[in-house]
2 protein chains.
Amino acid sequence: MTAPREPASPRDPHASIPVCVLGLGLIGGSLLRALADAGRPCFGWNRSAATVAAATAAGYEADADLAAVLARASEADALIVLATPTTVVDDILDAVAQHAPRCALTDVVSVKDAVAAAVDRHGLSARYVGGHPMAGTSESGWDATDPALFVDAPWVVCCDDHSDPATWSAVADVAVTVGARVVPVATADHDLLVAAISHVPHLTAAVTAAIGAGPGDLALRLAAGSFRDGTRVAGTAVDLQRAMIEANRPAVVTLLSEAIDRLVAARDDLRDSGSVATTVDDGHRARRRWEDMRAAGPQPIVDVTVGAPGWAAELRRQAHLGRVWTGAPA
Amino acid sequence: MTAPREPASPRDPHASIPVCVLGLGLIGGSLLRALADAGRPCFGWNRSAATVAAATAAGYEADADLAAVLARASEADALIVLATPTTVVDDILDAVAQHAPRCALTDVVSVKDAVAAAVDRHGLSARYVGGHPMAGTSESGWDATDPALFVDAPWVVCCDDHSDPATWSAVADVAVTVGARVVPVATADHDLLVAAISHVPHLTAAVTAAIGAGPGDLALRLAAGSFRDGTRVAGTAVDLQRAMIEANRPAVVTLLSEAIDRLVAARDDLRDSGSVATTVDDGHRARRRWEDMRAAGPQPIVDVTVGAPGWAAELRRQAHLGRVWTGAPA
């Protein structure tokens, strides 16, 4: 039985769970807007009075009083979404543990290992399921928010053997509600995966740009498509890139070592045998695989009932085949 | 005095020089079409009768008899453009030396050191000026030709102290006629420049793609903009990439070593100090420099009369500032 995506309906047990978004930057603010526009009860907190004023003026419920917002979340049994910068996660979790310790909890931070450990230190693991929407990194702040930001974007919802099924379903439902494609991933796997498809690409783009600019403006004048596309993300704000990459240190170090090994092999093959066949073939096959997956479109995860025996392992198994969760079976 | 680009006029000494294009693939075929469409007398040769038939049917002058085409070029004192694959350059130069040894000669091959050496071995250096339009690598053959291929594209026209001024002007005029921006480059510098902005970017794209696909379809399902753009050129046909990169072995080996050094520094900085500041800053600065140059548009080379004392050095000096040759002063 396939599991097609369904709009929220009165029969949907998650449709009425309120959502409390902590942090109204690009991701959190876009989420608040998308959920409110979809008719979901939701409210947000941001430290900056200016952001709260902007969100309120735009018709959304927002407040700068963290304790009051968390008290409301606790009373409403809301799902709390942690959408602040990594650097303040510990402070926010202090407040959550104090004011709303029994709420379901997720986050949209770009690494999972460190966040899960912090959640554990605060005694909040039982109802925590980590998340990570793969959308939007080159702009920031409420002014950059867009309720369509998540449409067709992959959204990791962490899925471990001990994950609470009700929380997992609530988090996945939020992602589906705003148009994302839910990808179930083991928490322990997440950081290496995003290092592979996002953090390392940022660093190889930076190195490619520096090599291209090395000979000076004459070289840059000759630059065409390969430089233009290959270095685009090197133009992303430096502090955003650093925050993302440096928070994922162990995984990025591991995969940078693999990238170095591959470039050394390319150089040695070219120098010694005049061939770059292995490097070019491997890269071509990888790119074509991605293109083929895009062309085929998302394949849905099928025949899983969240909470049934082995549900988490089965979600992960199908996700490894490239499939996505598009909502609970009708 | 600035040197704005001017359309060919009856006063233009180069406007009536016929052009003989050897090889009617993507680059040569597009050039024949663009020149003919601009009213320039031109004719082409291709080994394949099917390509000759297609070009002829499209209204262009083409022939599969190399000796006859070169005899016609010799008689008309045409500028010969070598547009064949690198692998057959020596054979073609044999024929040129036999049938049209006194014609001005250029090429559109992606490396210059090896071609210049081959031209020298055939005793054809006196009227040879190397060239390289930075346009189009992902498709090939007559069917892919496009007379607009060169519009606003950089076109390297090699410029050494011993270059024949009349040939240089004739080659530059061909590039300007088809809409390109001429970049004067010392033959000895060319191969490292294109390694920096094209060949190394192809290899870093290949490695980035392979790293991204390493964890399997699950990782590729999560891939977003940084993977999409950073690996685009890895999808180029493998044989085209290999031919281009492997022909430029010494320069690519040199710059791959620099790329390796930069990635090792990035990994060690991240592992030892938790920072990727240097790598991200260097890449960001390089990318922004390129974006700034693009936004400012091409700045023209000024106050140079081709053939006047020191003309070649002055063209190279201004090209190092990122300027382009847009045509002879009016």
Side-chain angles (χ1 to χ4, degrees), chain A residues 134 154 183 193 196-198 200-213 215 217-224 226-227 229-235 238 241-242 245-246 253 255-256 259-260 262-264 266-267 270-271 274 276 279-280 282-284 286-287 290 293 319-320 322, chain B residues 134 154 183 193 196-198 200-213 215 217-224 226-227 229-235 238 241-242 245-246 253 255-256 259-260 262-264 266-267 270-271 274 276 279-280 282-284 286-287 290 293 319-320 322:
Chain A
M134 311 299 293
V183 183
L193 290 171
I197 52 81
S198 173
V200 166
H202 275 81
L203 292 170
T204 52
V207 166
T208 304
I211 296 287
D217 287 352
L218 174 54
L220 291 178
R221 179 60 72 197
L222 297 180
S226 58
F227 181 91
D229 291 348
T231 65
R232 184 186 61 82
V233 295
V238 164
Q241 294 190 72
R242 287 189 57 188
I245 296 165
E246 293 170 1
V253 166
L255 289 186
L256 276 182
I260 291 162
R262 286 182 174 272
L263 273 185
V264 167
R267 186 217 25 214
L270 181 58
R271 184 191 59 206
V276 287
T279 304
V280 170
D282 285 355
H284 189 262
R287 170 74 187 189
W290 177 78
M293 284 176 65
H320 270 288
Chain B
M134 311 299 293
V183 183
L193 290 171
I197 51 83
S198 174
V200 167
H202 275 80
L203 292 171
T204 52
V207 166
T208 304
I211 295 287
D217 287 352
L218 175 54
L220 291 177
R221 178 59 72 197
L222 297 180
S226 59
F227 181 90
D229 292 349
T231 65
R232 185 187 59 83
V233 297
V238 165
Q241 294 191 73
R242 287 189 56 187
I245 294 165
E246 293 170 0
V253 166
L255 289 187
L256 276 181
I260 291 162
R262 285 181 174 273
L263 274 184
V264 168
R267 188 219 22 216
L270 181 59
R271 184 190 59 205
V276 288
T279 304
V280 170
D282 285 355
H284 189 262
R287 171 72 187 191
W290 177 78
M293 284 176 64
H320 271 287

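Proteins come first, then strands; the chains are lettered A, B, ... in the order of their sequence lines, and each starts at number 1.
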Who are the salt bridge (charged side-chain N to carboxylate O under 4.0 Å, His left out) partners of B:R267, not counting sequence neighbours?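 So B:R267 forms no salt bridge (charged side-chain N to carboxylate O under 4.0 Å, His left out) with any residue.
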So how far is it from A:T204 OG1 to B:R262 CZ, rounded to the nearest 0.5 Å?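 The distance works out to 13.5 Å.
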[X] versus chain A, the contacting section by heavy-atom distance below 4.5 Å:
| X | value |
| --- | --- |
| B:E246 | both |
| B:V183 | side chain |
| B:A319 | both |

Quick check against the 3.5 Å criterion: does B:S226 have a side-chain atom that pairs as donor or acceptor with the backbone of A:I197?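 Pair found, side chain donor or acceptor close to backbone of A:I197.
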For chain B, which candidate among [options] shows the most heavy-atom pairs at distances under 4.5 Å?
| options | result |
| --- | --- |
| A:G230, A:A205, A:P215, A:A223 | A:A223 |
| A:V264, A:I260, A:L256 | A:I260 |
| A:V280, A:L263, A:I211, A:L193 | A:I211 |
| A:D282, A:V276, A:L255, A:V200 | A:V276 |
| A:A224, A:A210, A:A266 | A:A210 |
| A:L203, A:I245, A:L222 | A:L222 |

Any side-chain heavy atom of B:D229 within less than 4.5 Å of one from A:V233?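 With C-beta onward as the side chain, the pair stays apart.
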Which one wins on heavy-atom pair count under 4.5 Å against chain A: B:A286, B:P154, B:A234? B:A234
Tell me which of these, B:A219, B:G274, B:P201, has more heavy-atom pairs under 4.5 Å with chain A than the rest.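 Highest number of heavy-atom pairs under 4.5 Å: B:G274.
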Taking side chain to side chain contact (heavy atoms under 4.5 Å, CB included) as the test, write out the residues that go with B:T231, two or more places apart.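 B:T231: side chain to side chain contact (heavy atoms under 4.5 Å, CB included) contacts with A:R287, B:T208, B:A209, B:F227.
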